[in-house]
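Lettering follows sequence order; numbering is per chain, from 1.
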Amino acid sequence: MNNSQLKDNPIDIYAFQQDLLSWFEKEQRDLPWRKDKDPYKVWVSEIMLQQTRVDTVIPYFLRFMEAFPTVKDLAEAEEEKVLKLWEGLGYYSRARNLQSAVREVHEQYDGVVPNNIKDISALKGVGPYTAGAILSIAYGEPEPAVDGNVMRVLSRILMIENDIAKASSRKIFEAAVRELISHDNPSYFNQALMELGALICTPTSPSCLLCPVRDHCHAFYEGKQAELPVKTKKAKNKHVQIASAILANSKGELLIRKRSNKGLLANLWEFPNEEIHLQIESDKQQLQNQLSKSYDTHVKINQRIGQLDHVFTHLTWHINLYEGEIHSVTETDNVKLVPLEDIKKYPFPVSHQKMFMQYMQHKGKVLADE
DNA sequence: CAAGCGTGGTT
DNA sequence: TAACCAAGCTT
């Protein structure tokens, strides 16, 4: 196809497929979830890869597959063990939804991942992208799998100027993929679009001179690849003051508690903490009063031993960390006193792992001074 | 539809 | 360095 044709016409679909697939067959990365087409493995990898880099996912995927090689293994596992293996990967509802859906597959589908759009889309945590990814990659079905890469790549190739931050835009790109997708190899076609976005057609400074489908790209022809995709910015996040305490009893055991089963960091463990609002009382005093009330016992907050900021996508925590003492707490499923060496057995958010490290450093200094 | 939901790497 | 980004889903 020459450029005069490109200017006025839709792209040559067959030539585009050939150029894209040839490139992918030659240049695709050797990734652990590409060893076979086991729908379960494809599924797990796709969930882990949501909003998460390939290099980050690899070690998590390998450990996860070692612990839970089959649908049955994951279905029968304790949620706490699943969360522990997910610790640090973020978006923890992915892990809980995945296990819930895997249990559904184990019980309702005899352990076989559904191969049709209706049933697979009904599984928790499986949205339009993941459904299309599993159906195309594991089952060879010509379904679109539109992620951020695909929207960026196609916005440039086809000069689509819809705002990719808007949910409604996904349908535009799905329609485009339905036009373009190779029915001979839907799996490679979808993966190739994503691989191209990851390796060549990157968000800033795309490597157009290395691009296998440069001759099909309307944005490159117009010199406007840097203007695409159109993506509006999101609002700034909120800032919240947190006072947190690591409380020890006379045996040196630490008080930890399990977070709510909904919302932020659901079902992970944490050190007791409170959101602080501007008041007359110090955050230390507010924390001591709140925790004494929560655990119906006298809590003594000693000195501040650390400070840290933790940035989420939509929220920033400004944390003051204290150490203190507690006696005679009633332990429940959600409140425990655990020895120092057992802390690592529980799934914690990264922010609370950092608090624990500051606490251990503080303890080390106190010992050195004695 | 917009907001909520994590973390670490890159620019 | 603050902002942006990375194979999205749920409510």
query = Want to settle it: does A/Arg170 or A/Thr202 sit nearer the 5' end of DNA chain C, counting the closest nucleotide to each?
reply = A/Thr202

query = Which residue lies toward the 5' end of DNA chain C, A/Pro203 or A/Asn97, if each is placed at its nearest nucleotide?
reply = A/Pro203

Candidates [options] - which lies nearest the side chain of [X]:
X: A/Val350; options: B/dA2, B/dG6, B/dT7; value: B/dT7
X: A/Lys234; options: C/dG8, B/dT7, C/dA7; value: C/dG8
X: A/Arg94; options: C/dG8, B/dG6, B/dA2; value: B/dG6

ask   = Quick one, which residues of residues 120-153 of chain A touch DNA chain B with a heavy atom under 4.0 Å?
value = none

message = Can you confirm whether or not the ring centre of A/Phe24 sits under 6.0 Å from the ring centre of A/Phe189?
response = no

Could you check how far [atom1] of [X] sits from [atom2] of [N], rounded to whole Å?
X: A/Arg96; N: C/dT10; atom1: CZ; atom2: C1'; value: 11 Å
X: A/Lys231; N: C/dC4; atom1: NZ; atom2: P; value: 10 Å
X: A/Leu89; N: B/dG8; atom1: CG; atom2: C1'; value: 11 Å
X: A/Leu196; N: C/dA6; atom1: CG; atom2: C1'; value: 16 Å
X: A/Met48; N: B/dG6; atom1: CE; atom2: P; value: 15 Å
X: A/Lys262; N: B/dC5; atom1: NZ; atom2: P; value: 13 Å
X: A/Leu268; N: B/dT7; atom1: CG; atom2: P; value: 8 Å
X: A/Lys236; N: C/dA2; atom1: NZ; atom2: P; value: 11 Å

message = I want to confirm an ordering. Mapping A/Ser168 and A/Leu315 to their closest nucleotides on DNA chain B, which one lands closer to the 5' end?
response = A/Ser168

For [N], does either OP1 or OP2 sit under 4.0 Å from a side-chain N or O belonging to [X]?
X: A/Gln50; N: C/dA7; answer: no
X: A/Tyr60; N: B/dT7; answer: no
X: A/His314; N: B/dC5; answer: yes
X: A/Lys238; N: B/dG4; answer: yes
X: A/Lys233; N: C/dC4; answer: yes

Would [X] and [Y] pass as an ion pair if we require N to O under 4.0 Å?
X: A/Arg304; Y: A/Glu323; result: no
X: A/Glu87; Y: A/Lys84; result: yes
X: A/Arg29; Y: A/Glu195; result: yes

Classify the nucleic acid contact of [X] as base, sugar-phosphate or nothing, counting any heavy atom under 4.0 Å across all strands shown.
X: A/Leu98; value: nothing
X: A/Gly197; value: nothing
X: A/Trp33; value: base
X: A/Arg259; value: nothing
X: A/Lys354; value: nothing

request  = Quick one: pull up CG in A/Asp147 and CE in A/Met194 and give me the separation to the nearest 0.5 Å.
outcome  = 5.5 Å

Provide the distance between the two [atom1] atoms, one in [N] and one in [M], to the nearest whole Å.
N: B/dC1; M: C/dA6; atom1: C1'; value: 23 Å
N: B/dT11; M: C/dA7; atom1: P; value: 14 Å
N: C/dC4; M: B/dA3; atom1: P; value: 15 Å

Could one point to a donor on the side chain of [X] or the base of [N] with an acceptor on the other under 3.5 Å away?
X: A/Thr52; N: B/dG6; value: yes
X: A/Thr313; N: B/dG6; value: yes
X: A/Arg53; N: C/dC5; value: yes

query = Would A/Leu247 and A/Val329 count as a side chain to side chain contact (heavy atoms under 4.5 Å, CB included) if you check the C-alpha gap in whole Å, the side-chain angles of each, and the deciding distance to 0.1 Å?
reply = CA-CA 11 Å; A/Leu247 304 175; A/Val329 168; over 6 Å; no

Sequence neighbours left out, cut at 3.5 Å: what donor-acceptor pairs do the side chains of residues 223-238 of chain A make with other protein atoms?
from     : atom 1 : to       : atom 2 : distance (Å)
A/Thr232 : OG1    : A/Asp163 : OD2    : 2.8
A/Asn237 : ND2    : A/Phe312 : O      : 3.4
A/Asn237 : ND2    : A/Thr316 : OG1    : 3.1

A/Tyr322 and A/Gln288 side chains, donor-acceptor separation under 3.5 Å = no

task = Verify the distance criterion only: is there a donor paired with an acceptor across the side chains of A/Ser292 and A/Asn289 at less than 3.5 Å?
result = no

